[in-house]
Protein chains: 2
Amino acid sequence: MAIAKLDRRTEIRQTARKMFKERGYAATSMRDLAREVGIEAASLYNHLSSKEELLHEMCFDMAEQFFQAFSAAIASEKTPSKKLRAAIKAHIHVIAANLDGSTVFFHEWIFLQEPELARFKKLRSQYEQGFRDIVQKGITDKDFKEVNVKLAVFTILSALNATYDLYKSNEKLSEEEIAESVSGLLLKGLKK
Amino acid sequence: MAIAKLDRRTEIRQTARKMFKERGYAATSMRDLAREVGIEAASLYNHLSSKEELLHEMCFDMAEQFFQAFSAAIASEKTPSKKLRAAIKAHIHVIAANLDGSTVFFHEWIFLQEPELARFKKLRSQYEQGFRDIVQKGITDKDFKEVNVKLAVFTILSALNATYDLYKSNEKLSEEEIAESVSGLLLKGLKK
DNA sequence: ACCTTTACCTAACGAACGTTAGTAAACAAA
DNA sequence: TTTGTTTACTAACGTTCGTTAGGTAAAGGT
C-alpha cells in the first residue's frame, strides 16, 4: 500500500487550500468544504477552531517556506547576479511545490484579521527587502544597470508570483523551463 | 462649482469598483455598498438589476479599454520592438487611468457566471494573442531572442498587471517612470 | 471490564445575504 | 393642475452563513 490515507486534519487543510484557491476564501463556505471532505459542516470543528484559522495557517506556512528557501538559495552563491538567479529559482520552486497554497498566499491574505494582517504585511515587506538588497548590491558592484531598485524588484516578483498559473497550461512546462525562461528574460531582456 | 455631482447610477458603480477592489466581490455585500453610497440596500435596485451586473459591466468595460488602447498603440508603430513598447505603455496607461476597475478586472472575474465567464476568458486570450503575435514577429525578424513566446508574453503581462499596486506607494511614481522602467527591464534586462 | 478520547452526527442559534413588493415624496411633462 | 416617472423608503421573503450544543457509537488504553 503505497499511499497512506491522510488523517482528516490534513485532508481538510488540503481540500481547503484547493477550494480557497479556486473560489476564493470569502466565497468558500464551511458547508462547501465539509461536503467536499465528505462530512457535515459541524464536524469540521473537531479538527479546527475557525475558518480564519485555516487561512492563517496557509498564509504563514507559505511565508515561512519562501523565507527558508530564499535564505538557503542565496547562502551558497557569491555574486549578486548568481544570488538573484538562485533566489528566483527558489521562489519558483516553492510555488511549484505548493500550487494551491501559494495562490492563497498571493490572493487571499487580505481576509486575515488584525493583528495577523499587519504581521503578514511586515513579513512580505521583509522578504521583498531581501531581493532589493541583492539588486542594490548588484548595482554597486556595477554588475546591474542603475535601475530603480524598488520598481525592478516589484517587477521581478510580480512576474514570479504569477507562475502558478503556468502549470495548468496545456503545454507541459517543467519548473526548470519556467525558471530558466523567466530569470533569463528578467536578467537579460527580450531584445538581442 | 467645479465638481459636478455625479448621478446615482455613476456614483454606485464608482463606489462598487472601489469596494470590489478593496474587499473583493464576494466579500462586498449590497448593504455595504448601499451604506457607502448613503442609501438603503433596496434602493440600489432602482439603478441596477443585480450585483453580478455590476461585476459584469466592470470586467467587460475594462476588456474593451484594453483592446482599444492596444490597437491604437500598435497601429502607429512599425517594428516589433516599437510595437511592443507602445503596447506595454498603452496597457500601463489603461491601468493607471482605471486603478479600481483594472484591479477588479484582474482579480474578480472568476465570479462571473457562465456564459459570460467563457466569453470573458476568450477575450483575455485574444488580447494575449495580440502580444504573442508581436513577440513572434520580433523573433522572426531576428530582433528578439528565440524565447518561448507564450512564456515570455505571460511574464510580460504578469509584470504589467501588477502595476496598479505601485500607485499607492509612498514614493510618487509617475505613469511615465513606471512604463519606462518596466518596459526597459523586460526588453533589455537587469544585467549590464 | 470500564473509562476516556476521538470523530462523527442532528438540530439549532443569530446574523447576514441578495432580492422583491409596496408605498410615498419629489419633480418634470402635459 | 393633473399625470407619470424617478428615487427613495420600510418591511419582509427565503436562503445561507459561521458556529455551538448535545448526543452517540466506535476505538484504544488500562
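The chains referred to below are lettered A, B, ... by the order of the sequence lines, with proteins before strands, and numbering in each begins at 1.
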- Query: Hey, does the side chain of A:Ser29 come within less than 4.0 Å of D:dT16's phosphate (OP1/OP2), counting only N and O?
  - Reply: no
- Rounded distance (Å) that lies between atom P of D:dC9 and atom CD of B:Glu40: 5 Å
- Query: Can you check the A:Met30 CE to C:dC13 P distance for me, whole Å?
  - Reply: 21 Å
- Message: Ring centroids only, cut at 6.0 angstrom: are B:Tyr127 and B:His91 within range, meaning strictly under it?
- Response: yes
- Listed nucleotide nearest any side-chain atom of B:Arg31, set D:dT19, C:dT10, C:dC17: C:dC17
- Task: Kindly determine whether A:Arg23 and A:Asp32 satisfy salt bridge (Lys or Arg N to Asp or Glu O under 4.0 Å), including the steps that lead there.
- Result: CA-CA 11 Å; A:Arg23 327 182 186 187; A:Asp32 288 341; 3.3 Å; yes
- May I ask you to evaluate whether B:Arg8 reaches the phosphate of D:dA8, defined as a side-chain N or O under 4.0 Å from OP1 or OP2? yes
- Message: Are there over 12 heavy-atom neighbours, none belonging to A:Lys89, within less than 6.0 Å of that residue's NZ?
- Response: no
- Atom pair distance, as rounded to whole Å: CD1 in B:Ile39 and P in C:dA25: 19 Å
- Message: Output the rounded distance in Å from CG (A:Asp7) to C1' (C:dT6).
- Response: 12 Å
- Query: Whole Å only: how far is the CZ atom of A:Phe20 from the C1' atom of D:dG18?
  - Reply: 12 Å
- Can you figure out which of D:dT7, D:dT19, C:dC9 approaches the side chain of B:His47 most closely? D:dT7
- Message: Using the side-chain heavy atoms of B:Ala42, tell me which of these nucleotides is nearest: C:dC8, D:dA21, D:dT10.
- Response: D:dT10
- Note on the structure: Assign each of A:Tyr45 and B:Ile12 the nucleotide of DNA chain D bearing its closest heavy atom; nearer the 5' end lies the nucleotide of B:Ile12
- Taking the six-membered ring of B:Phe106 as reference, does the NZ or CZ atom of B:Lys21 fall below 6.0 Å from its centre and within a 45° cone about the axis? no
- Query: Quick one: B:Asp32 CG to D:dC17 P, roughly how many Å, whole number?
  - Reply: 17 Å
- Item | Residues A:Gln65, A:Asn98; criterion side-chain hydrogen bond (donor to acceptor under 3.5 Å, both in side chains); working and verdict | CA-CA 10 Å; A:Gln65 289 201 49; A:Asn98 302 270; 3.1 Å; yes
- Which whole-number value in Å describes the distance from A:Glu52 CD to D:dG18 P? 13 Å
- Query: Roughly how many Å is it from CG in B:Asn46 to P in C:dA24, rounded to a whole number?
  - Reply: 16 Å
